[in-house]
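Atoms considered below: every heavy atom in the structure, side chains included; atoms not considered: hydrogens, waters and symmetry mates. Both ligands and their constituent atoms are indexed starting at 1 by order of listing.
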Amino acid sequence: MTETKIMLDVSALGHRYGGANGHQAIADLTFQVRTGELACIVGPSGCGKSTMLRSISGLIKPTTGDVKLGGNPVNGVPEDLAVVFQDYSRSLFPWLSVRSNVEFPLRSRGLSKAERRSRADEVLEWVGLSAAAKKYPWQLSGGMQQRVSIARALACRPALLLMDEPFASVDAQTRFELEDLLLRVRKQFDSTVLLVTHDIDESIYLADRVFVLSKSPASIVADLEIPLGDERDQITTRESETFVHLRSEVARLLDVRSAHAPAKDDAAPAESDVDNAESTAKQWAEAEKAEAAKADARN
Ligand SMILES: Nc1ncnc2c1ncn2[C@@H]1O[C@H](COP(=O)(O)OP(=O)(O)OP(=O)(O)O)[C@@H](O)[C@H]1O
């Protein structure tokens, strides 16, 4: 029997902002993502998804539990992790061309200039942006900018691709196109993906597995295998009996009818952490810039 490898192992992860009397954002999160799997996490607004992603990507140190990537403990930003955010305007550098944006994180990974160029050109072709390589992000539509972000993440050949509501800022048509693009490229690059969304249909359409989160503080309330096969289609898959059944099941688990009720502990953020509350995309971009600067200093 072949052993299934675990790429991401999250164990009893918890985070409380603002010390002992502060705000418990996530509590006792335990789940695993297998190598080569596309897993989606769906949870109600404010339940702690970003806090979880920050912990997994090493941007914050969780107060309890631990995270392992490829068997190694995550104690800072891991090199073999890439992240795609909803807010592409904050994660792409406006002063760099599309190609340079894609090459940027490769600078800290010890690749030669020629290798960086060839990787960037390969992924840009895969996301259909070869012709836009010399343009700047601000010359592109939102959907195209998000394709640049996806290309940039894939160029790093990450062991794990984290995606934080990646398609939430584009129109419905573009969203469908980007979802299908993700399904194509994850196959091409054999990627392991963890995607966070609050769109139930999107989570089922994309995933091999869906984890459903509770309201704040987030914990896992269900782990559902999605038996929709590899070939998915925006119309026929979404109309299928299995899809419709899963949609109702996830909606029930999320208890969508009460999703707009304020969570009992959803007061103002804990004061001591307010400085910390800038967007994860910005934090990540700063971490990448720092890594590239270190690499430049070494060379
Ligand atoms: N830096 C911080 N300091 C204090 N509290 C915070 C901080 N960041 C988030 N919180 C609180 O933790 C809880 C979870 O926030 P988080 O942003 O992780 O949730 P989310 O599920 O990503 O939200 P959304 O769905 O709105 O994106 C919220 O109550 C939020 O106010």
Chemist: Tell me whether A25 has any N or O atom under 3.5 angstrom from an N or O of ligand 1.
Modeler: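 The answer is no, given that A25 and ligand 1 share no N or O pair closer than 3.5 Å.
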Chemist: For E125, is the CD atom crowded, meaning more than 12 foreign heavy atoms sit under 6.0 Å from it?
Modeler: no
Chemist: Out of H198, Q24, H23, who gets a non-hydrogen atom closest to atom 13 (C) of ligand 1?
Modeler: H23
Chemist: Is there a path of hydrophobic side-chain contacts, each under 4.5 Å between heavy atoms of I/L/V/M/F/W/Y residues, joining L183 to F176?
Modeler: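 No, F176 does not connect to L183 through the hydrophobic network.
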Chemist: With a cut-off of 4.0 Å, which atoms of ligand 1 are near a heavy atom of K49?
Modeler: 18 (O), 19 (O), 20 (P), 21 (O), 22 (O), 25 (O)
Chemist: Just to check, does S216 reach to within less than 4.0 Å of ligand 1 when the distance is taken from its heavy atoms?
Modeler: no
Chemist: For atom 18 (O) of ligand 1, which candidate among I26, T51, I60 holds the nearest heavy atom?
Modeler: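 Comparing heavy atoms across I26, T51, I60, the nearest one to atom 18 (O) of ligand 1 lies in T51.
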Chemist: Looking at R232 and A207, would you say the former's side chain and the latter's main chain have a donor-acceptor pair under 3.5 Å?
Modeler: yes
Chemist: S50 to ligand 1: N or O pair under 3.5 Å?
Modeler: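 Yes.
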Chemist: Before accepting this row, confirm whether a basic side-chain N of the pair D164/K49 lies closer than 4.0 Å to the acidic partner's carboxylate O.
Modeler: no
Chemist: Closer than 3.5 angstrom, by distance alone: can the side chain of R116 be matched with the main-chain N or O of E103 as a donor-acceptor pair?
Modeler: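 Judged by distance alone, no pair lies under 3.5 Å.
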Chemist: Strictly distance-based, threshold 3.5 Å: is any side-chain N or O of S97 a donor or acceptor partner for the main-chain N or O of K134?
Modeler: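 Side chain of S97 to backbone of K134: no pair is present.
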Chemist: Between ligand 1 and R54, is the shortest N or O to N or O distance under 3.5 Å?
Modeler: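 R54 vs ligand 1: no N/O contact under 3.5 Å.
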Chemist: Could you tell me whether ligand 1 has any atom less than 4.0 Å away from a heavy atom of G18?
Modeler: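 No, G18 has no heavy atoms under 4.0 Å from ligand 1.
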